[in-house]
2 protein chains.
Amino acid sequence: MIISKTCGYGIRGVVYLATKLEEDRKVGIHEIATELEIPQHFLAKILQELVRKKVIHSVKGPHGGFYVKELVLGMPVLDIVEMIDGDGYKTRCFMAIEECSSENPCPLHRDFFVFRSGIVKMLKQKTIGELSKGVFEGQSFLSYRLN
Amino acid sequence: MIISKTCGYGIRGVVYLATKLEEDRKVGIHEIATELEIPQHFLAKILQELVRKKVIHSVKGPHGGFYVKELVLGMPVLDIVEMIDGDGYKTRCFMAIEECSSENPCPLHRDFFVFRSGIVKMLKQKTIGELSKGVFEGQSFLSYRLN
DNA sequence: AGATAAAAAGACCTTTATATCCTTTTTATG
DNA sequence: CATAAAAAGGATATAAAGGTCTTTTTATCT
């Protein structure tokens, strides 16, 4: 639905780390996965990829873990979506027509286009910082267990 | 993206049949699959299910095939989406949080909700007849090969 | 230096979605 | 009635997504 589960997990992981920014510590994968109720090894993989992409950072060894730098707060959520799911969302047709486009539209192309660009615009505006702020202030949640 | 490929195929199949309504003939699976560029046996399965659900109809034997009745023209596209994909779209969370809801929202719940309900409303309004009309009049296409 | 704790990496497994193949049933028509 | 055309049904195959396990690497502490 819109984005992959993997991608949703990734965003939640990053936002979780962002809420811990002030604590100035490394967060272990066990804690993150437990708190977010995401399979630990699977989340580890996703976070590793985001480390490679420099969205988040990690330190090995005792007292190691994952963390984010202040800079990430300004990152649009869309960036993470593209890193994990690619940019297929830009062209993918509602009706699964490979060549569907504005010049060659499926019967739902125009109607659907409006919503899709709205979603993309929204994801481009929303930053990790905004999401983590909402969570920090208790207006939204990253998992059921965290409220 | 939003709906399954299977579901997209199904909608296209039904709409294709709707464009043939006036011709008053049964359309073979081979023709439908070829014209829509969908794997034949796979589409057959999908259409068979829609026959069971009485969305379309079929006749076996020589000169048999699939066809629709006039009544289907008034059917909302959403009906077919629900028949094939179920109603998971109603609750599924952008960030893959199982219990995400208005009372217990993920950080993107509100923003996303607006778009989702817009899409659902649109799919509830759009009928098979409207889609087939657009195709019939050459304003939209059900496959690249059909323009 | 050695022990330990943690992430990184890679191999492997499971499930779901998508796709194919083969056989059976039905039915129109010569 | 025989035949051929067509859908229906069942079993299987392939691909992609999701998830698990084991080993390797590395930082830190004693």
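This structure is a prediction, so every number in the text was calculated from the model and none was measured. Convention: sequence-line order gives letters A, B, ...; per-chain numbering from 1.
The nearest whole Å value for the distance from the CD1 atom in B/Ile84 to the P atom in C/dA17 is 13 Å. Rounded to whole angstrom, the span from the NZ atom of B/Lys60 across to the P atom of C/dT23 amounts to 17 Å. Atom C1' of nucleotide D/dG18 and atom CG of A/Leu43 are separated by 13 Å, given to the nearest angstrom. D/dA17 atom P lies 9 Å from atom CG of A/Asp85, rounded to whole Å. Distance, A/Arg25 CZ to D/dT28 P: 17 Å, rounded to whole Å. As rounded to whole Å, 20 Å separates atom P of D/dT26 from atom CD1 of A/Ile29. Remark: C1' of D/dA7 and CD1 of B/Ile46 are 15 Å apart, rounded to the nearest angstrom. Between the C1' atom of D/dA16 and the CD1 atom of A/Ile3 lies a distance of 17 Å, rounded to the nearest Å.
Contact annotation for B/Gly61: base contact, defined as any heavy-atom pair under 4.0 Å involving a base atom.
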Report, as a single string ordered 5' to 3', how protein heavy atoms within less than 4.0 Å touch nucleotides 9-14 of chain C: B base, S sugar-phosphate only, - not at all. B-B---

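Nearer the 5' end of DNA chain C, as judged by each residue's closest nucleotide, is the contact made by A/Pro62, out of A/His57 and A/Pro62. Each of B/His30 and A/Cys7 has a nearest nucleotide on DNA chain D; the 5'-most of these lies closest to B/His30. In terms of position on DNA chain D, the residue among A/Phe42 and B/Val27 whose nearest nucleotide sits closer to the 5' end is B/Val27.
The two atoms that bring A/Ser58 and A/Tyr67 nearest to each other are N-CE2, 3.9 Å, heavy atoms only.
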Before you tell me yes or no, could you show the steps for A/Lys20 and A/Glu23 under salt bridge (charged side-chain N to carboxylate O under 4.0 Å, His left out), namely the whole-Å CA-CA distance, both residues' side-chain angles and the distance that decides it to 0.1 Å? CA-CA 5 Å; A/Lys20 304 293 177 193; A/Glu23 295 182 21; 3.8 Å; yes

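Contact check, B/Lys26 against D/dA5: no side-chain N or O comes under 4.0 Å of OP1 or OP2. An OP1 or OP2 oxygen of D/dA16 is reached within less than 4.0 angstrom by no side-chain nitrogen or oxygen of B/Lys5. Between B/Tyr9 and C/dA19, a side-chain N or O to OP1/OP2 separation shorter than 4.0 Å is present. Between B/His63 and C/dT29 there is a side-chain polar atom (N or O) within less than 4.0 angstrom of OP1 or OP2. Using a 4.0 Å cut-off, no side-chain N or O of A/Ser58 falls inside it from OP1 or OP2 of C/dA6. Proximity of B/Thr6 to the phosphate of C/dA17: no side-chain N or O atom is located under 4.0 Å from OP1 or OP2.
No continuous path of ILVMFWY side-chain contacts below 4.5 Å connects A/Phe136 to B/Met95, so the two sit in separate hydrophobic clusters. Placement of A/Leu43 and A/Val59 in two distinct hydrophobic clusters is found when ILVMFWY residues are connected by side-chain heavy-atom separations under 4.5 Å, directly or transitively.
Going from atom CD1 of A/Ile46 over to atom CE of A/Met83 covers 14.0 Å, rounded to the nearest 0.5 Å.
Here the options are B/Lys45, B/Arg52, B/Lys53, the test is side-chain hydrogen bond (donor to acceptor under 3.5 Å, both in side chains), and the partner is B/Glu49; only B/Lys53 passes.
One side chain, B/Tyr16 or B/Glu31, offers a donor N or O that lies under 3.5 Å from an acceptor on the other.
Counting heavy-atom neighbours within 6.0 Å of B/Glu137 CD, excluding the residue itself, gives a total above 12.
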